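Sequence lines set the chain letters: A, B, ... in the order given, protein chains first and strands last, and positions in each chain run from 1. None of the values given here were measured: they were computed from a predicted structure.
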2 protein chains.
Amino acid sequence: MTTIHEVARAAGVSISTVSYALSGKRPVSEKTRMRIEDAVHALGYEPDAGARMLAGRRTHIFALTEPLRADTHAPTHMAFVLATAVAARRQGFDILLLTDEQASEGMNRVAASNLVDAILVLDVAPDDERVPIARSVGTPTIFIGLPDDREGLTCVDLDFEAAGRLAVDRLADAGHRRIALLGQTEVSYRKSNFPRRLLRGAQEQAAARDVTLDWSASGSAVTDASAVRACTETALARGDRAFIVHAVDDVHQVLLSVLAEHGLRVGDDVSVISAAASFDTAALPVPVDTIPLVPQRSCELAVDLAVRRLDDPLAPAEIHLIPPEYRSVGSVSPAQD
Amino acid sequence: MTTIHEVARAAGVSISTVSYALSGKRPVSEKTRMRIEDAVHALGYEPDAGARMLAGRRTHIFALTEPLRADTHAPTHMAFVLATAVAARRQGFDILLLTDEQASEGMNRVAASNLVDAILVLDVAPDDERVPIARSVGTPTIFIGLPDDREGLTCVDLDFEAAGRLAVDRLADAGHRRIALLGQTEVSYRKSNFPRRLLRGAQEQAAARDVTLDWSASGSAVTDASAVRACTETALARGDRAFIVHAVDDVHQVLLSVLAEHGLRVGDDVSVISAAASFDTAALPVPVDTIPLVPQRSCELAVDLAVRRLDDPLAPAEIHLIPPEYRSVGSVSPAQD
DNA sequence: TTGAAAGCGCTACCAA
DNA sequence: TTGGTAGCGCTTTCAA
């Protein structure tokens, strides 16, 4: 194993100079720095993680807590984990996984043992049990998602309410008086934090714009394609010609199929907006306007906030809502009365 | 922060006694042990991770490397990550995630910095670039999956070849002379290690039993339900009345739909076996015989092997193939000639 | 611009 | 059965 002493000896300097040359916390002359870097390279030196943790003030590890509820949508979840890991690594941090029961217990454990510098919270529930833990541990904690009670917490998320309002606005602007909202699974409106937020925003704006909003929870189209199909048929029978879809990939597929079967052309006879989808809506058989949910944005911001909190422990806790963006590809057309 | 000194003072013993009481590496009298445990509890003591790493010989962390290729099936992948995390935690280890580009680079980094005690390898490719890295790093590495070149490696996996043979055997035993194998995506037969292994086993046994095996790669039914449908129709037209499905959930759904549309009853007019599925096949609309892929089994074994390697660094590297198990629910019926 | 040295909080060896 | 203590390999303060 290569230690800092061997690097120092090879470069003909003291170990403190090596340490400073690598951390950049003290100016080191160009010449010595070069010699040190050469030695580091030649010896394949990598600072010992344990020693660094003990002596320094940083572990260079973030914990990522993910309870993985039964209704967790695997592809979306994976996108968030990946985005977090990439963002963290870019700042020099590794990700330690706290899954399942460890999602809560582990927070106390890793905080008490100084294993991590900060904790990132995924899969946030409305009444998340990690909220009180976050308040009690000394370790900076960032929520990616909004629990109901967020007093004193730092949270990051897409502004789902604004996304809901934006979608309704666009359709109302186009003259639609009735809008169908094809939503997430029933259970996710109770167990997750974001479906209800989007719904609330849409309902608010529907009231404000005096349009009718017909909401129906969907399932996954795979396990229950017929339910999605039924929802869509019902909406069409009601006279709805404007759809907001806040659901997974396959629900979009079914909706578009049913519309096609009815001879309705999207962006012509019927309007469709996909709200807060994290998959690539460009891959759908018909182009659909979208208000994308971009995991990278939330996760990078979360990591930035964690780092900021480390540099300045007094940084105030706040809620960071990312404003939704509307991407038009022509799937919304004027209402035909 | 609570240190071992405070615990020692509270319990009226020396720090070494506290250390030994907690690690169990030296006998400690019942009385003292109790007092120490009380103190630990009262103070909420948790050993400092950095100090433990530096002083001890263990970091109590395993790295989990997952490249996440585009064709990775998210739900299956998550099941493996979860199973690994749970198994590791049960033995007192946390999981450090090495994703994306870090899947390879990170191995060298965490090994050189002594951040982890062992490395677990997921999403193994036939020509996996982590194979040479595993050979060169000093850190024990366990592959969950089989690369083509496994000389000197420790690997764990379901015996997919045996699973393929077993499925063919059962259908051949029932008198079927033609079998359709509805497989994974085209790309996964090149990029992943297991689809080809199951296929090879099935082909071998088909040759041995002198039955015809019609293999077709499938896609995901969501993105290409019509392709799955077409495969099935073709197979039926060919006269195939026996199906082996080695594919994701939704492909099963489509197959069963098409069979139903043709008025063919599973376990009666037509035989179906689901091979190496990691989802719950009991949730399918029709009960189907299955040779399950159980992530828990592979992952627990992998973790056990890692721990064993730590205790005995000279433990020999070997390939551990988990024998497939056949679960019959009556979806295979005698061929009707 | 550089060096010397004091810990960081444990584990594990040596004594008792 | 227990205690004392020498490191583990760094970071960072103090001095030069």
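- In the model, B/S19 has no side-chain atom that pairs as donor or acceptor with a side-chain atom of B/R26 under 3.5 Å.
- Residue pairs meeting the side chain to side chain donor-acceptor pair (under 3.5 Å) criterion with at least one partner in residues 35-56 of chain B, sequence neighbours excluded, are A/N114-B/D48, B/R33-B/E37.
- Looking only at atom types and distance, the side chain of A/D94 has no donor-acceptor partner in the side chain of B/Q102 under 3.5 Å away.
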Under a 4.0 Å heavy-atom criterion, the protein footprint on nucleotides 5-12 of chain D, written with B, S and -, is B-BBBBBB
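- A 4.5 Å side-chain heavy-atom check between A/L115 and A/I61 finds at least one atom pair inside the cut-off.
- By the 4.5 Å heavy-atom criterion applied to side chains, B/F93 and B/L310 are counted as neighbours.
- Among residues two or more places apart in sequence or in another chain, the salt bridge (charged side-chain N to carboxylate O under 4.0 Å, His left out) test is passed with B/D149 by B/R135.
- Heavy-atom contacts of chain A under 4.0 Å fall on DNA chain C between two terminal nucleotides, which in 5' to 3' order are C/dT1 to C/dG9.
- Counting heavy atoms from C-beta on, the side chains of B/M1 and B/T3 come closer than 4.5 Å.
- Taking five base pairs at each end of the helix from C/dT1-D/dA16 to C/dA16-D/dT1 and finding the rotation axis that steps the C1' atoms of four pairs onto the next four gives two axes whose angle is 30°, to the nearest 10°.
- Side-chain contact annotation: A/H77 with A/D123, donor-acceptor N/O pair under 3.5 Å present.
- Salt bridge status for A/D157 with A/R197: present, with a side-chain N to carboxylate O gap under 4.0 Å.
- A 4.5 Å side-chain heavy-atom check between A/V121 and A/T141 finds at least one atom pair inside the cut-off.
- Inter-residue side-chain proximity for B/T84 and B/I95 is flagged as met; some heavy-atom pair is nearer than 4.5 Å.
- Annotation: side chain of B/V156 is not in contact with side chain of B/F143 (no heavy-atom distance under 4.5 Å).
- Contact check of residues 27-34 of chain A against DNA chain C (heavy atom, cut-off under 4.0 Å) returns A/P27, A/V28, A/S29, A/T32.
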